Amino acid sequence: MTDHKTSKEQKYDRQLRLWGDHGQEALENAHVCLINATATGTEILKNLVLPGIGSFTIVDGHKVSGEDVGNNFFLTSSSIGKNRAQAATELLQELNGDVSGNFVEESPDKLLDNSPEFFHRFSLVIGVQLPESTYLRLGSVLWEAGVPFLICRTYGLIGYMRLIVKEHTVVESHPDNALEDLRLDQPFTELKHHVECYDLDNMEKKDHSHTPWIIVVAKYLEKWYSEHNSQLPKNYKEKEAFRQLIRAGILTNENGTPEDEENFEEAIKNVNTALNPTKVPSGTEEIFNAEQCENITSQSPSFWVIAHGVRDFVRNEGNGNLPVRGTIPDMIADSDKFIKLQNVYRDKAMKDAAVVSKHVEALLQSVGKPPESTSEQEIKLFCKNAAFLRVVRCRSLAEEYSVDTFNKDEISICVSVHPYSEMVLYLMLRSIDRFYQQHSRYPGVYNYQVEEDINKLKLCVNSLLQEYSLNVNVKDDYIHEFCRYGAAEPHTVAAFLGGSAAQEAIKIITHQFVPFNNTFLYNAMSQTSATFQL
Amino acid sequence: MADGEETMAVEGCSIGDWDGRWGHVQKFLERTGPFTHPDFEPSEEALSGFRHIHVVDMDIIDVSNLNRQFLFRSKDVGRPKADVAAEFINQRVPGCNVVPHFKKIQDFDASFYRQFHIIVCGLDSIIARRWINGMLLSLLSYEDGVLDPSSIIPLIDGGTEGFKGNARVILPGMTACIDCTLELYPPQITFPMCTIASMPRLPEHCIEYVRVLQWPKDKPFGDAVGLDGDNPEHVQWVFQESLKRAAEFNITGVTYRLTQGVVKRIIPAVASTNAVIAAACATEVFKIATSAYIPLNNYLVFNDVDGLYTYTFEAERKDNCTACSQVPQKLQFPPSAKLQEVLEYLTENAALQMKSPAISTTLEGKNKTLYLQSIASIEERTRPNLCKTLKELGLADGQELAVADVTTPQTVLFKLNFTSETCSIKQVQN
């Protein structure tokens, strides 16, 4: 155990408490590509450089303009006329000496023309303020290469993000309100034996009042079973009767007044959740049934190999249940009783994980891979999180854009039910892209354009709706507003997206926490947002 | 979030600008639009950015700030945050004039705060938030019971914890204030004393034991030396002793990181969440300063643990808010109640949550301090009053008690109503 922390541990302390040392390691091994060092782009990178991303490369063929410096904290007026990638890299690099910054003075379109494999080296590509033709091209290249792609855009007071990743697995999703895994409805042998050691009817008051509520519930459940044909309390009435049964077990003093037994009160309070039937959650079940889990090959990522191993466990030694998680919540109890009970669960979890390991080993052998391909640590972590596994699959841009496969229902319903829904903003951005395609500029950039562009933009909206046979109405207010924006990129909206996008990037890189799927819209006017799966 | 406050003023174009500088902002100020604030008038004058900003921050820079506080570098560790922030911004943003104040917000009085158009906070405690909230409320002026709008200084407040955050807009006297929504804040995590003292189960209990009970006994660094969570030697000592305590009870899991986290009550923090909330607050400042759009009404919640989640709602004013309603606060106790019970009510009641209230009143025309905790000599002198009944202390039905506390810059006046002896002692929240 090191006595003092390295300066990196000190610097990153506050974030290590969220994603751990292994998460930080993943971050430090990552290389992110940012396309376009606009305000949005540099704000995103700032939030990746500060926490210590391994390296970044900015791809940008533009020269710094006066407007750029006006909304970008990482450009100064002395860089006007210089290449924007280079200028931004300097001031971003300066944020954190641990990070290595690079730049390529080239437009992404040129790179796509000449050497699209350039993008294969990155852990993630973030494309900012890109015209539709460019991001569609990039989307296709990155999809084939299996490189995650995050599109971000600030347009006036609207923020937009689109995540494209074929398959992203998450073991550590860190759920906010996870139910405990106590197995009271199906106590494993070691738990049964441990409960047997307690004789509630013949205990000293001190011990009685400091018996963990899990034991209390287990004991009274046995009593209940003997009177109810071994059936769990099922409905509200039965649960209430069960609570009363426990309450009747509270010690009383000479006068018959019940003593203050907090552990019994805890037992009563927890009856509702403690008796939930133990089962494999649907999310995990889906993962077990996935094709990638069923067909393990030597190319299978360890997520699927271990998933298959856990599935084997569930179908055999687990008797239909996942490996025991091994943790119990804190509860009123004396130290000795609590630790002993906790160890019962811990030991069982270790045993179960070891069995899973055996299954995984056999599996690896069957596809010709050495057993060291997955570590004990990995397997233990997987088992502990077996109830919280997540797989995120984001559709490709091709699927989103094709008239045959675009998400007509989602779009139509959203807009019909809520004319001011963030979905309208999505349609407006698609229309803006159409405008750009036709006029090689965005609407309303100059004051004199605003009026006439409103009609032109409306035509784009209508042609979009027509092409996709969308029978919805987009209010004129939005068309006017989007012309008003004049493709401006206000700094505060860029910064909001900067924080949002960076965190999604960190999720992709660390495989911790759950990324959004797949379209996010932020409205800074109303300070509202929505996520759609398009 | 960097602790601090800023004030903003809007002025015309000036030297130091370059061509196109305000390009991204101009569109919002010069053009009409369907979603703008009803009071908005487009103007051809170029907007300058916010030029006059004051920053108040009592903290100095720590190395653990560097993972997210982007205005600071490792060479700045040890320097006041306000100073370094001001220097950085003034250098990076030409024409911007940030004035730093290496002070507590409580070091300033009404005359200081009165000069600002907008106040933005990224404070690290509810107590501080309540204080500034109270200060801005005290600046409100009423004429014939009608609030004078020019006395309102909007307060934009942001806060984060890990991947969660919130941003809110408070128009003192008009919208819900900090105290109106006290119950929204999650209770602070505390451990029961008997667990810490004799029945530890978690590694945290072992650490708390060493921090609260063992340190004052052992005085490992000297007689009057208090535990300083920022001193690695202190934390190392607590860590070693906590390991020993844990070993006694077969508890595993005590680490240096956990020890420091418990001792300093560390809240995890990252750059991204802070960026989101800061941006949301800045957007509101922009809206209010320019009337370009209707401001957030009035509370935004953000969480990006699973996807990205926002929830926007209008927090309601409490009719009887202790801070912003004009309703006189009542205290209902039987005359036989002890002063201690009143003290407990002031600290434990969910709507009040005072920290160490000082209670005084007027008896026989003279001001009398009934109990005050923060000054040792007065605490000693007034301590016996806690065991006396309200009747014994000479208090009458309808008596006014003045209560001062860190949670508010102004004393709160309570009216004492005697209840009959048979009434339940438990207070009914009015």
Side-chain angles (χ1 to χ4, degrees), chain A residues 1 3-4 7 10-15 17-18 43 46-47 50-51 65-67 69-71 73 76-77 80 95 174 176 330 333-335 338-339 447 450 477 480-481 484-486 488-493 495-496 498-500 502-503 506 513-514 516-517 520 524-529 531, chain B residues 18-25 27-28 30-35 63-64 66-68 70 92-94 162-163 167 199-202 232 236 249-251 255-257 260-261 266 268-276 278-280 282-284 286 293-294 296 300 304-308 310 312:
Chain A
M1 210 116 35
D3 273 10
H4 37 249
S7 66
Q10 284 182 305
K11 179 162 75 167
Y12 298 137
D13 178 82
R14 300 299 186 267
Q15 68 203 36
R17 290 167 192 276
L18 289 166
E43 287 299 316
K46 151 185 158 283
N47 296 318
L50 286 170
S65 71
E67 270 99 6
V69 182
N71 76 343
F73 196 76
T76 57
S77 54
I80 294 178
L95 284 170
H174 301 283
D176 256 337
D330 190 28
D334 64 56
S335 315
F338 179 83
I339 299 297
N447 285 352
V450 180
D477 281 348
H480 183 177
E481 184 72 359
R484 178 169 182 259
Y485 289 155
E489 191 187 9
H491 180 265
T492 61
V493 184
F496 187 101
S500 305
Q503 193 49 44
I506 291 173
F513 306 96
V514 185
F516 73 108
N517 184 1
F520 174 78
M525 293 187 284
S526 54
Q527 296 280 26
T528 55
S529 74
T531 301
Chain B
W18 52 86
D19 225 18
R21 180 175 190 181
W22 308 114
H24 289 281
V25 169
K27 280 121 184 158
F28 298 98
E30 295 174 2
R31 301 175 176 186
T32 56
F35 297 108
V63 64
S64 67
L66 302 178
N67 79 324
R68 64 200 184 277
F70 65 98
R92 182 67 63 88
V93 186
F163 297 122
M199 247 178 286
R201 296 175 296 269
L202 304 178
Q236 181 64 25
F249 293 89
N250 290 315
I251 296 172
T255 61
Y256 185 93
R257 187 176 290 164
Q260 196 181 36
I266 288 177
V270 288
S272 55
T273 320
N274 284 292
V276 168
T283 294
E284 293 309 309
F286 177 79
Y293 288 92
I294 299 169
L296 166 67
L300 164 72
D304 65 356
V305 168
D306 187 341
L308 301 112
T310 64
T312 313

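Below, read A as the first sequence line, B as the second, and so on, with proteins coming before strands; counting in each chain starts at 1. Note that this is a predicted model, so its numbers are computed, not measured.
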Q: Using the six-membered ring wherever Trp is involved, compare the ring planes of A/F513 and B/F163 and label them parallel, tilted or perpendicular (cut-offs 30° and 60°).
A: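 If you compare the ring of A/F513 with that of B/F163, the planes turn out perpendicular.
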Given 3.5 Å as the limit, does a donor-acceptor pair link the side chain of [X] with the main chain of [Y], or not?
| X | Y | answer |
| --- | --- | --- |
| A/Q527 | B/A280 | yes |
| B/S272 | A/N47 | no |
| B/R201 | A/I339 | no |
| B/R68 | A/Q15 | no |
| A/R17 | B/P268 | no |

Q: Output the option from B/L300, B/I294, B/V270 having the highest count of non-hydrogen pairs under 4.5 Å with chain A.
A: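 Going by pairs under 4.5 Å, I would pick B/V270.
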Q.
Counting heavy-atom pairs closer than 4.5 Å to chain A, which one of B/G20, B/G162, B/G33, B/G261 comes out on top?
A.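 Top count of heavy-atom pairs under 4.5 Å with chain A: B/G20.
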Heavy-atom closest contact ([X] atom, [Y] atom, distance):
| X | Y | answer |
| --- | --- | --- |
| B/N67 | A/R14 | ND2-CB, 4.1 Å |
| A/L50 | B/A271 | CD1-CB, 4.0 Å |
| B/G23 | A/E67 | CA-CG, 3.9 Å |
| B/P200 | A/S335 | O-OG, 2.6 Å |
| A/Y485 | B/K27 | O-CD, 3.5 Å |
| B/A282 | A/T492 | CB-CG2, 3.4 Å |

Out of curiosity, [X] [atom1] to [Y] [atom2], how far, rounded to the nearest 0.5 Å?
| X | Y | atom1 | atom2 | value |
| --- | --- | --- | --- | --- |
| B/T273 | A/Q503 | OG1 | CD | 6.0 Å |
| B/T310 | A/F520 | OG1 | CZ | 6.0 Å |
| B/F70 | A/E43 | CZ | CD | 6.5 Å |
| B/D306 | A/H174 | CG | NE2 | 12.0 Å |

Most contacts with chain B, counted as non-hydrogen pairs under 4.5 angstrom, among [options]:
| options | answer |
| --- | --- |
| A/G70, A/G66, A/P51 | A/G66 |
| A/V493, A/V69, A/N517, A/I506 | A/V69 |
| A/Y12, A/F516, A/F496 | A/F496 |

Atom group of [X] that falls short of 4.5 Å from chain A, counting heavy atoms:
| X | value |
| --- | --- |
| B/L66 | both |
| B/L308 | both |
| B/T283 | both |
| B/D19 | backbone |
| B/Y293 | side chain |
| B/P232 | neither |

(Q) I'd like to check A/D13 versus B/Q260 (side-chain heavy atoms, cut-off strictly below 4.5 Å). Are they in contact? (A)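 In contact.
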Q: Examine whether an atom of A/T531 lies under 4.5 Å from a heavy atom of chain B, and if so say whether it belongs to the side chain, the backbone or both; otherwise answer neither.
A: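 For A/T531, side-chain heavy atoms alone lie under 4.5 Å from chain B.
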(Q) Between A/S526 and chain B, with a heavy-atom cut-off of 4.5 Å, which part of the residue counts as in contact: side chain, backbone, both or neither? (A)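 When you check distances to chain B, only backbone atoms of A/S526 fall under 4.5 Å.
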